Amino acid sequence: MTCKLVTPDQLFFEGEVQAVTLPAYLGEIGILENHAPLVTLLSKGKLLLTLKDNSPKVYTVEGGIAEVRNNLVSILADHVEA
Amino acid sequence: MATVREIRNQIGSVQNIKKITETMEKISTAKVKKNTKRLASSREYYHSLIGLMDHLIQYFKDDGLATDHPLIKSHDSIANSLILVITSNRGLCGGYNNNVLQLTKKLYSTLKEEEKAIKLFTIGKKGISYFQFNKIPTDQTFTDIDDHVDFDRMASIADQLSDLYSTEKVDEVYLVYTKYLSGGQQRPAVEKILPFDVETNETEELSEDYRPIYLFEPAGHEVLDRILPVALRIKVFNTILQTNLSEQIARKIAMKQASDSAGDMIKDLSLLYNRARQNKITKELIEIMGAAKALHS
């Protein structure tokens, strides 16, 4: 599963991941391989990426939108802090 | 014929000008690099968002949800147009501003012929003074938009456009800017940004048999409400980045040409200077020899 984290000025992350936990509109959502297509607004919170080697990567995101489709998780955030 | 001293002064001032244009060329080269990077890093977001928007619009097409959205739906009568022109704050960039303004003028008179009321928003001092000179009234002007412009600033302008459109104060919005095609090619372009064009935006096909059934959080139309203004913001932001980059490229080329012709001029003037100097020496020699001869006899 591929994950992409971008803001209007910068590409923060792009690569293979095992799992994504993101702060969706109604609460945290965990996304694994073959997740159903999903579009959600983001609220403020922690974004956790679990990489292929099981190491975690954490960002703070605020506002934006995320799309899951075809094993591609696109996170279009308004603001991101690494 | 100019005296030796006059020519020497002339060479000096041309050399000074050349120094300035060379420096400006170097600055522009650095800025081109910086702006190219900025454009590239915003491209990812731009494509993802526009792609997602296209998916959603197609997804909602059958429900009529998308076509009824205030930013997509065209108004019944189109009487008020808005043109947003992007020019630069500074000159010395060749035909860059002029090209955009000529195109704007053409669009302006076409719309006038269709008897539409036109609102004009101008970014950049060069555009502002052009419209002032030609006595074309502008409704809003922005002079704080340059290389350092951030997303939030452009977002506020884009939101203003969304507001004007959804409250039906204007019925269509055009953007006139300089499109960046590649490092060697930029050209002025007109783009209609509102209402959102649903038909021509299909960058990525959704084949008939594969149509994802999305889960939405919150409900689909709320997501659409939220994403369309954002799409407009990023579109305007991307346009500004392209325009800024094109401006720097235009300035770089203009300054390079200026430095080159200054170099040619110095060459010609040096030739003239040496000839004048030689003439002067020859003349002095003749005078001295003439005087010596007169003394002899």
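Here the structure is a predicted model, which is why all the values come from computation and not from measurement. In what follows, chains are A, B, ... by sequence order, proteins preceding strands, each numbered from 1.
- Counting only N and O atoms by type, the side chains of B:Ser88 and B:Asn97 include a donor and acceptor under 3.5 Å apart.
- Of the atoms belonging to B:Ile234, it is side-chain heavy atoms, and not backbone ones, that fall under 4.5 Å from chain A.
- Heavy atoms of A:Ile65 lying under 4.5 Å from chain B belong exclusively to its side chain.
- Between B:Glu247 and B:Arg251, at least one side-chain N (NZ, or NE/NH1/NH2) sits under 4.0 Å from a carboxylate O, which counts as a salt bridge.
- B:Asp147 and B:Lys34 are not joined by a salt bridge, as no carboxylate oxygen comes within less than 4.0 angstrom of a charged side-chain nitrogen.
- Of the two parts of A:Ala66, neither the backbone nor the side chain holds a non-hydrogen atom closer than 4.5 Å to a non-hydrogen atom of chain B.
- With respect to chain B, the highest number of heavy-atom pairs below 4.5 Å among A:Thr40, A:Asp78, A:Val39 belongs to A:Val39.
- Only the side chain of B:Asp152 comes within contact range of chain A, with at least one heavy atom under 4.5 Å from a heavy atom of that chain.
- When the candidates B:Leu52, B:Asp150, B:Val223 are compared by the number of heavy-atom contacts under 4.5 Å with chain A, B:Leu52 comes out ahead.
- Looking at B:Asn244, B:Thr239, B:Asn238 one by one, the single match for side-chain hydrogen bond (donor to acceptor under 3.5 Å, both in side chains) with B:Gln242 turns out to be B:Asn238.
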Test B:Lys119 against B:Ile83 for side-chain contact (heavy atoms from CB on, under 4.5 Å), laying out the working first. CA-CA 6 Å; B:Lys119 272 190 173 28; B:Ile83 308 175; over 6 Å; no
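- Of the listed residues (A:Val68, A:Leu41, A:Ile29, A:Leu11), the greatest number of heavy-atom pairs within a distance under 4.5 Å of chain B belongs to A:Leu41.
- Side chains of B:Gln186 and B:Tyr96: a donor-acceptor N/O pair is absent below 3.5 angstrom, by distance only.
- For the set B:Ala155, B:Ser48, B:Ser41, the count of heavy-atom pairs under 4.5 angstrom toward chain A peaks at B:Ser41.
- The contact between B:Phe237 and chain A is made entirely by side chain atoms (from C-beta outward), counting heavy-atom distances below 4.5 Å.
- Counted by atom type alone, B:Glu172 and B:Tyr174 present one or more donor-acceptor pairs between their side chains at under 3.5 Å.
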